[in-house]
Undergrad: 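Input: one structure, supplied below.
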Amino acid sequence: MTPRSKHPHELRSVRLPSGKTIQVVYYDNAPYSPRAPHTLLHVCPACTSELVYPTEWREVDGRRWEIHLRCPNCQWAAAGVWDHDPVEALDEVLDQGTRTLMGDLRHLARANMEEEVDRFSAALKADVILPEDF
């Protein structure tokens, strides 16, 4: 009788969009990364960019998440299963990024609107706006 592995796994070949084929080890139907998972999921292990973002994620169980990550800086991509704490930290970084982008959007929208109002006011003062403009 052959001893059973403590962690049953399956080896699959995956063809990437680039045409490369890689071997992926799946443990309990979840991708497994043989390296120790880094805990700052928003930091790229290849180039140290802090812009890594999830392309997919799903809950594995109550405390673990399977996440596919991608770095827009160097095109690094990986999938893994992480516990709640690093995922919660990633979620907070994503929320902070969203708040920052929304603040920038509001600032740009206001600046654009002020510029339009200034041009419209100048056109009114110059008496160059006609009823046909509306």
Undergrad: With salt bridge (Lys or Arg N to Asp or Glu O under 4.0 Å) as the rule and sequence neighbours excluded, what pairs involving residues 118-129 come up?
TA: Glu115-Arg119
Undergrad: Taking the side chain as C-beta and beyond, is there a heavy-atom pair between Glu56 and Glu66 under 4.5 Å?
TA: no
Undergrad: For the atom pair CG (Asp91) and CD (Gln96), what is the distance rounded to the nearest 0.5 Å?
TA: 12.0 Å
Undergrad: Applying side chain to side chain contact (heavy atoms under 4.5 Å, CB included), can you list everything that pairs with Asp61, at least two apart in sequence or on another chain?
TA: Arg63, Arg64
Undergrad: Can you tell if the side chain of Leu90 reaches within under 4.5 Å of the side chain of Trp65, non-hydrogen atoms only?
TA: no
Undergrad: Among residues at least two apart in sequence or on other chains, which ones pass side chain to side chain contact (heavy atoms under 4.5 Å, CB included) with Leu130?
TA: Glu132, Asp133
Undergrad: What distance separates Asp104 CG from Met102 CE, expressed to the nearest 0.5 Å?
TA: 10.5 Å
Undergrad: For residues Trp76 and Cys47, determine if any side-chain heavy atom of one lies less than 4.5 Å from a side-chain heavy atom of the other.
TA: no
Undergrad: Going by the rule side chain to side chain contact (heavy atoms under 4.5 Å, CB included), which residues pair with Leu108 if we only count those two or more places apart in sequence or in a different chain?
TA: none
Undergrad: If you measure from CG on Leu51 to NE2 on His42, what distance do you get to the nearest 0.5 Å?
TA: 9.0 Å
Undergrad: Before you tell me yes or no, could you show the steps for Val52 and Leu41 under side chain to side chain contact (heavy atoms under 4.5 Å, CB included), namely the whole-Å CA-CA distance, both residues' side-chain angles and the distance that decides it to 0.1 Å?
TA: CA-CA 7 Å; Val52 172; Leu41 300 179; 6.0 Å; no
Undergrad: Side chains of Leu101 and Leu105: closer than 4.5 Å at any heavy-atom pair?
TA: no
Undergrad: To the nearest 0.5 Å, how far apart are CZ in Arg99 and CG in Asp95?
TA: 5.5 Å
Undergrad: Which residues pass the side chain to side chain contact (heavy atoms under 4.5 Å, CB included) test with Met113, sequence neighbours left out?
TA: Val117
Undergrad: Remaining members of Tyr53's ILVMFWY cluster at a side-chain heavy-atom cut-off under 4.5 Å?
TA: none
Undergrad: Decide yes or no for Cys44 and Leu69: does some side-chain heavy atom of the first lie under 4.5 Å from some side-chain heavy atom of the second?
TA: no
